[in-house]
K.L.:
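Handing you this structure, nothing more for now.
Remember, it's a predicted structure, so these values are computed and weren't measured experimentally. Side chains are part of it too, since the values below use all heavy atoms of this structure and drop only hydrogens, waters and symmetry mates. Position 1 is the first residue of the sequence, and the numbers go up from there.
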Amino acid sequence: MTETFNISKTASQQLVANSVTKDFQDLVEAQGFKVPDGYHVANALQEAVATLPTVKGITSVSADSIKKTLFDMVVQGLSPAKTQVYFIAYGNQLQMQRSYFGTQQVLKRLKDIKDIQAYVVRKDEEFDVDYDENGGLIVKAHHTDFMKLDNEIVGAYAVITKADGEKQYEVMTKKQIDTSWGQARSTNVHKKFPEEMAKRTVINRAAKNIINTSGDDDNLIAAINSNTANENDYDSEPKDVTPAPKQNALSRMAKVVTKEPEKVEPEPAEEVNESDPEPAEKQGVISDAELPFNDETAQVEELPEEPVKSTPDQVNSENTVVEIKHWLDQHHVLYQQSATKAQLLERVADYANEQETNPDEEIDMGDTPYQPDEFWG
């Protein structure tokens, strides 16, 4: 029986996360791939699959494309919970783009790079560049004051500190940055976050030569280059670049839903097809033992959606559990399905506190030594 694959359903999310986890575990065990310290693959994948249903056009994306994108994410040691990645659907292809924080973090994994920082240059700031004895452009001085911090951006530069202590500079004018952005499929995020995107652009350009001459793991380099290409795609319009579907385990189980996502509205529970009934106890998350990767007739259950009221601006103890969960879903906040009302309200409070933090604060991936039990947990 043909299968319906829908990433908004819990069972489909679990299926993809389990499949990517297994492939990544094979990479670590068979090729000795090094996992970044403090990075938890299972946590990052659960955060990612919970975010995907909010991506516009996700219902048209193929299951294999989702799997490949999430695999590239964990190879680079990135997490959507730390705003290090964005997911974008183009036709039936899912692409991942790194934020400034994500690009900065992944480049620090290269053994030739000790540190990398980027800065924007604003109108009327004191900014002095010159050529060194080897003909390389260097930054000699950059001074500003508080009243100039809101001035328009006129350029950006990156400073790479290599493992041997040498500093390498990359300087771009605003015209050069705009030219680079003009090659992208969409510039919406560039217009919304110009400072962060300018920093990311100059960092990508600065690190290009180091990446392609690096002796680091080929899987990591390939994943970095793949995402950098996504960020600087020359096509002005989305196009379908998916090859003919291959009969692998995941594609045999999945048939892509092609309709556009609908607005969240109260609706009754889905009716069960009388011609093909399923026991009630089979609904819910499918366990590993129940994921028959080689069974073409396997079915993934679609869970009925509980009707909810319109999302309130604020929620508190007077709201129902359903209303609080719907509020958290609308604000893309993760939570346990079995959480109590008090625990859900704690997630609401955490979200409110996060909104007050500094968005430019550098992300710390942590330096906790890698523990196998924690990694797969």
K.L.:
Closest approach of Leu94 and Thr69, non-hydrogen atoms and distance?
P.N.:
O-OG1, 2.7 Å

K.L.:
Counting N and O atoms only, with roles assigned by atom type, does the side chain of Thr179 sit under 3.5 Å from a partner on the main chain of Lys175, one being a donor and the other an acceptor?
P.N.:
yes

K.L.:
Any side-chain donor-acceptor pair under 3.5 Å between Lys114 and Thr161?
P.N.:
no

K.L.:
Are Val139 and Val159 packed together at the side-chain level, in the sense that at least one heavy-atom pair is separated by less than 4.5 angstrom?
P.N.:
no

K.L.:
Given 3.5 Å as the limit, does a donor-acceptor pair link the side chain of Gln104 with the main chain of Ile116, or not?
P.N.:
yes

K.L.:
Nearest 0.5 Å please: distance from the CD1 atom of Ile203 over to the CE atom of Met172.
P.N.:
12.0 Å

K.L.:
Do the side chain of Asn151 and the main chain of Lys123 share a donor and acceptor less than 3.5 angstrom apart?
P.N.:
yes

K.L.:
Could you verify whether a donor N or O on one side chain and an acceptor N or O on the other, from Asn219 and Gln31, lie under 3.5 Å apart?
P.N.:
yes

K.L.:
So, does Arg122 use its side chain to make a donor-acceptor pair with the main chain of Glu152 at under 3.5 Å?
P.N.:
no

K.L.:
With the threshold set at 4.0 Å, does a side-chain nitrogen-carboxylate oxygen contact exist between Lys67 and Asp23?
P.N.:
yes

K.L.:
Hey, quick one: are Val28 and Val20 part of the same hydrophobic cluster, counting side-chain heavy atoms closer than 4.5 Å, chains of contacts allowed?
P.N.:
yes

K.L.:
Are the side chain of Ser99 and the backbone of Thr83 linked by a donor-acceptor contact shorter than 3.5 Å?
P.N.:
yes

K.L.:
Would you call Lys34 and Asp37 a salt bridge, using N to O less than 4.0 angstrom?
P.N.:
yes

K.L.:
So does Lys341 have more than 12 non-hydrogen atoms from other groups sitting under 6.0 Å from NZ?
P.N.:
yes

K.L.:
Find the distance between CG (Leu52) and CG (Leu70) and round it off to the nearest 0.5 Å.
P.N.:
5.5 Å

K.L.:
Do you know the tightest heavy-atom contact between Ala206 and Gln168?
P.N.:
O-NE2, 3.4 Å

K.L.:
With a 4.5 Å cut-off on side-chain heavy atoms, are Val348 and Leu328 touching?
P.N.:
yes

K.L.:
Could you check Asn204 against Arg98 for side-chain contact (heavy atoms from CB on, under 4.5 Å), going step by step and ending with a plain yes or no?
P.N.:
CA-CA 10 Å; Asn204 281 339; Arg98 295 183 302 261; 3.6 Å; yes

K.L.:
Hey, mind stepping through Ile88 and Val55 against side-chain contact (heavy atoms from CB on, under 4.5 Å) and telling me if it holds?
P.N.:
CA-CA 7 Å; Ile88 304 174; Val55 176; 5.6 Å; no

K.L.:
Count the heavy atoms belonging to other residues, nucleotides or ligands that lie under 6.0 Å from CG of Asp128, then report whether that count exceeds 12.
P.N.:
yes

K.L.:
Between atom OG1 of Thr10 and atom CD of Gln13, what is the distance when rounded to the nearest 0.5 Å?
P.N.:
5.5 Å

K.L.:
Can you check whether Phe24 and Phe33 have ring centres sitting under 6.0 Å from each other?
P.N.:
yes

K.L.:
Do Gln76 and Gln84 meet the criterion of a side-chain donor-acceptor pair at a distance under 3.5 Å?
P.N.:
no

K.L.:
Quick one, Tyr169 and Asp132 - any side-chain contact, counting heavy atoms below 4.5 Å?
P.N.:
no

K.L.:
Can you tell me how far OH of Tyr157 sits from CG of Leu137, rounded to the nearest 0.5 angstrom?
P.N.:
12.0 Å

K.L.:
Any side-chain heavy atom of Lys162 sitting closer than 4.5 Å to one from Lys167?
P.N.:
no

K.L.:
Kindly state whether the ring of Phe127 and the ring of His143 have centres lying under 6.0 angstrom apart.
P.N.:
no

K.L.:
Report the C-alpha separation of Trp181 and Met197 in whole Å, then their side-chain angles, then the decisive distance to 0.1 Å, and conclude whether the side-chain contact (heavy atoms from CB on, under 4.5 Å) test is met.
P.N.:
CA-CA 9 Å; Trp181 290 356; Met197 292 299 102; 3.7 Å; yes

K.L.:
Does NZ belonging to Lys148 count more than 12 external heavy atoms closer than 6.0 Å?
P.N.:
yes

K.L.:
Check the hydrophobic clustering (I, L, V, M, F, W, Y; side-chain heavy atoms under 4.5 Å; chains of links allowed) and say if Ile66 and Val49 are grouped together.
P.N.:
yes

K.L.:
Under a 4.0 Å N-O cut-off, is there an ion pair linking Lys174 with Asp178?
P.N.:
yes

K.L.:
Taking the side chain as C-beta and beyond, is there a heavy-atom pair between Met96 and Leu78 under 4.5 Å?
P.N.:
yes

K.L.:
For the backbone of Ser62 and the side chain of Ser65, can you confirm whether one donor and one acceptor N or O come within less than 3.5 Å of each other?
P.N.:
no

K.L.:
For the atom pair CE (Met147) and CG (Asp124), what is the distance rounded to the nearest 0.5 Å?
P.N.:
12.0 Å

K.L.:
Could you tell me whether the side chain of Glu196 and the main chain of Tyr100 form a donor-acceptor pair under 3.5 Å?
P.N.:
yes

K.L.:
Is it the case that the side chain of Tyr131 and the backbone of Ile138 share a donor-acceptor pair, with hydrogens and angles ignored and the cut-off at 3.5 Å?
P.N.:
no

K.L.:
How close do Gln176 and Val171 get, heavy atom to heavy atom, and via which atoms?
P.N.:
OE1-O, 3.9 Å

K.L.:
With rounding to the nearest 0.5 Å, note down the distance linking OG in Ser19 to NZ in Lys22.
P.N.:
8.0 Å

K.L.:
Identify the heavy atoms of Ala17 and Leu45 that sit nearest to each other, and give their distance.
P.N.:
O-CD1, 3.7 Å

K.L.:
Please answer: with hydrophobic residues joined when any side-chain heavy atoms are less than 4.5 Å apart, are Leu345 and Leu334 in the same cluster?
P.N.:
no

K.L.:
Verify side-chain contact (heavy atoms from CB on, under 4.5 Å) between Leu220 and Val106, making sure each step is shown before the conclusion.
P.N.:
CA-CA 9 Å; Leu220 174 60; Val106 75; 4.2 Å; yes

K.L.:
For the residue pair Glu170 and Arg205, what are the closest heavy atoms and their distance?
P.N.:
OE2-NE, 3.0 Å

K.L.:
Within the side chain of Gln93, is there an N or O that forms a donor-acceptor pair under 3.5 Å with the backbone of Tyr90?
P.N.:
no

K.L.:
Indicate yes or no for a side-chain donor-acceptor contact from Asn134 to the backbone of Gly136 under 3.5 Å, with no hydrogens or angles considered.
P.N.:
no

K.L.:
Answer with yes or no whether the side chains of Thr144 and Glu126 bring together a donor and an acceptor at under 3.5 Å.
P.N.:
no

K.L.:
With a 4.5 Å heavy-atom cut-off, do Met73 and Phe87 have their side chains touching?
P.N.:
yes

K.L.:
At their closest point, which heavy atom of Ala223 faces which heavy atom of Val75, and how far apart are they?
P.N.:
CB-CG1, 4.0 Å

K.L.:
Any Lys/Arg nitrogen of Asp64 or Lys68 sitting under 4.0 Å from an Asp/Glu carboxylate oxygen of the other?
P.N.:
no

K.L.:
Looking at side-chain heavy atoms only, is the closest gap between Leu110 and Ile113 below 4.5 Å?
P.N.:
yes

K.L.:
Please determine whether residues Leu107 and Tyr119 belong to a single hydrophobic cluster, defined as Ile, Leu, Val, Met, Phe, Trp and Tyr linked transitively by side-chain heavy-atom distances below 4.5 Å.
P.N.:
no

K.L.:
Are side-chain heavy atoms of Val322 and Lys325 found at a separation under 4.5 Å?
P.N.:
no

